[in-house]
Amino acid sequence: MSMLHIVNKSPFERNALASCLSHASKGDAVLLIEDAVLGAVAGSQVAHLLLSALATQAIYVLSEDLAARGMEPNRLVKGLQVVDYSGFVDLTVQHDKNQSWL
Amino acid sequence: MSMLHIVNKSPFERNALASCLSHASKGDAVLLIEDAVLGAVAGSQVAHLLLSALATQAIYVLSEDLAARGMEPNRLVKGLQVVDYSGFVDLTVQHDKNQSWL
Amino acid sequence: MAVKKFMYVNRKAPYGTVYALESLEVVLIAAAFEQEVTLAFLDDGVYQIVRNQNPKLLGMKNFSSTYKALGDYDIKQLYVERESLIERGLTEDDLMDITYEDEGDDWAEKSSLTIVSRAEMAALMAAQDVMFSF
Amino acid sequence: MAVKKFMYVNRKAPYGTVYALESLEVVLIAAAFEQEVTLAFLDDGVYQIVRNQNPKLLGMKNFSSTYKALGDYDIKQLYVERESLIERGLTEDDLMDITYEDEGDDWAEKSSLTIVSRAEMAALMAAQDVMFSF
Amino acid sequence: MKYTLMVNEGPYQHQSSDTAYHFAKAALAKGHEIFRVFFYHDGVNNGSRLSVPPKDDRLVQKQWSDLAQQHGIDMVICIAAAQRRGLMDTAEAKRQGLDAHNIAPGFRISGLGQLIEGSIESDRTIVFGD
Amino acid sequence: MKYTLMVNEGPYQHQSSDTAYHFAKAALAKGHEIFRVFFYHDGVNNGSRLSVPPKDDRLVQKQWSDLAQQHGIDMVICIAAAQRRGLMDTAEAKRQGLDAHNIAPGFRISGLGQLIEGSIESDRTIVFGD
């Protein structure tokens, strides 16, 4: 019994990622897609949010959205895992529920 | 020569108001419309942004949008001015340019 | 088929966008399906149930009274996040009276609203089956 | 009629929404009107001119090369806000090379990008006549 | 004053079309001129004549049509944005070999040059969007 | 697994329709079932058959039509949301006394109950929006 949280908003523009992380339970997973992948880059002012969340949640980033925005996987905050759409599907299977933070 | 800045986003959800205020020049005016009027209520975590901006800019709030959201003018941060659509039009006349922070 | 627990997560303010109104339309339909329905109001979603909404001058429909009717649809689990209120300069007194009649207690009128902490909201979310957000 | 100073303010990331693409379409048309055109990239708008964009796997059009062609349309005033880059963990090296050929300097190739501080960006905005934001 | 307004969002989903409409009405009431309203991005959806909202709600698209006809406002839908989103006038439908058109009265389809021209001709340009 | 997907934004303006489409394709490729795609809010605009984007871009609406027809996916457009935004099938156009309909092949118009029913019937419900 765990939840996959899906975030699609840039954390520099909106509060969705911050709100998601403050409501995720231990053992949940967080997937960053669309503009939310921009928050995954190391050295940004939101990196600390992800680093502290990694203690209790797995965090994934969608590779197709990273590539579209010119971000190489080697630039990401350490500990984040990159998945493609096929991996996105697998995450929705592994977690028996999911929530989109729109 | 001064600019009217128009903000229509909730400052609790997005960075538009913060970005606007950090780019407004002395003597400019800021008008809060649509969901941005929610930021005008006293005692919120964004009130300090408006209070410090009031030192250099006039800040207006659209009354029709306040009423829709159940917010009485007497609840606003001190120093803010309430205008209706007719006043909105006047502001665009008084300032020779304007910018929408979308 | 087992009953599922549906949560409707409201995080957006009304009138600036249509999501609050159209979300409520889903909730009303959902009531007919005999599933467990919970509404969560957090972040800007708390503005959806603020008192004295009056969008008449905008020519828009005042749909806030519909929340008050949710009890008639047997929807009586409305959770509001305390931290979201405080961050916005709001208190519980700013919220509409939303009630239901308790069948098991001689139809006494009781509040459908429960104010919860952020941690309690997180626990409520973790206990659902299907999460709808708009 | 006097020439007006038009600024195109880009504050949104590409691909997640269409605004960046359709904003660029306006800029290309604007070039034909012999007005003064300036582009500002701040907040998430800085992502619009990041190198190595590749939306092929999304089935979307890679329109980033169009920024490189702006010099051919005589649009060569592109201002990028330094603080916006830093907040996002980006540096100037992450940005595409966007250049123009300087007619007054034997067609030497020069950068169209100028990195400015937030205060300088505010001053640039204050000097415009018409502000377009999308 | 002479105004050009730009509307970047469709009806209902966002308030921006309503806001632009109320602004236009207030400006006209004060004797100003609305030279042009330019509909861009999803704003083109304000020009659909097939909209039938609930009877107890406003009809955003018709409000624009009526305002344009009462005051002779030039309301332009961007052709490129309209093509992406399925807004067609009779001429465009014919050109594309389609059997239906869905543009409301008072709107015309044209290019982005109309936006720039409007801004050059007007004293003020105001953008309404999301 | 059996999925119901919900799409809340129109084509092009936001990426959410594209994301839902790519998700659906990936799920089908892994042998999962897409029981239903429910289009709500501006998502109803994904069902327009009048869209003609530039030749070098994807045709979001047609991608959905093709996917539905290849895999027998039930694609439902919410009637209340569609009425507000001007999406009509032939029956609804007739009922409203309008001369045009604009629904693409593979889509049908129905009520919100289809969304709830889909979520009850499916193992997973995923919302794609703004």
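Per chain, numbering begins at 1; letters A, B, ... match sequence-line order. Note that this is a predicted model, so its numbers are computed, not measured.
Contacts from residues 48-56 of chain C to chain B, taken as heavy-atom pairs separated by less than 4.5 Å, involve C:V50, C:R51, C:N52, C:Q53, C:N54, C:P55 in sequence order. Scanning residues 72-100 of chain B against chain C with a 4.5 Å non-hydrogen threshold yields B:R75, B:Y85, sorted by number. Listed by sequence position, the residues of residues 115-134 of chain C in contact with chain B number zero, using a 4.5 angstrom heavy-atom cutoff. Residues from residues 71-95 of chain C that place a non-hydrogen atom less than 4.5 Å from a non-hydrogen atom of chain B comprise C:I86, C:E87, C:R88, C:G89, C:L90, C:D94, given in numerical order.
Ranked by heavy-atom pairs under 4.5 Å with chain C, the first of B:R69, B:M71, B:E13, B:E34 is B:R69. Counting heavy-atom pairs closer than 4.5 Å to chain C, the top residue among B:S63, B:G43, B:A67 is B:A67. Note on B:S44, B:G39, B:S10: by heavy-atom pairs under 4.5 Å with chain C, the leading option is B:S44.
Interface remark: B:A42 contributes backbone atoms only to the contact with chain C (heavy atom separation under 4.5 Å). Heavy-atom distances place no part of B:L66 under 4.5 Å from chain C, backbone and side chain included. Both the backbone and the side chain of C:Y15 come within less than 4.5 Å of a heavy atom of chain B.
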### Task
Check the pair B:F12, C:D43 against side-chain contact (heavy atoms from CB on, under 4.5 Å), reporting the backbone distance first and the verdict last.
CA-CA 8 Å; B:F12 306 104; C:D43 295 342; over 6 Å; no

### Task
Please report the C-alpha distance between B:D35 and C:D44 in whole Å, then the side-chain angles of each, then the deciding distance to 0.1 Å, and finally whether the side-chain contact (heavy atoms from CB on, under 4.5 Å) criterion is met.
CA-CA 9 Å; B:D35 287 346; C:D44 282 350; 6.0 Å; no

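Interatomic distance, CG of B:L62 versus CG of C:L57, reported as 10.0 Å (0.5 Å rounding).
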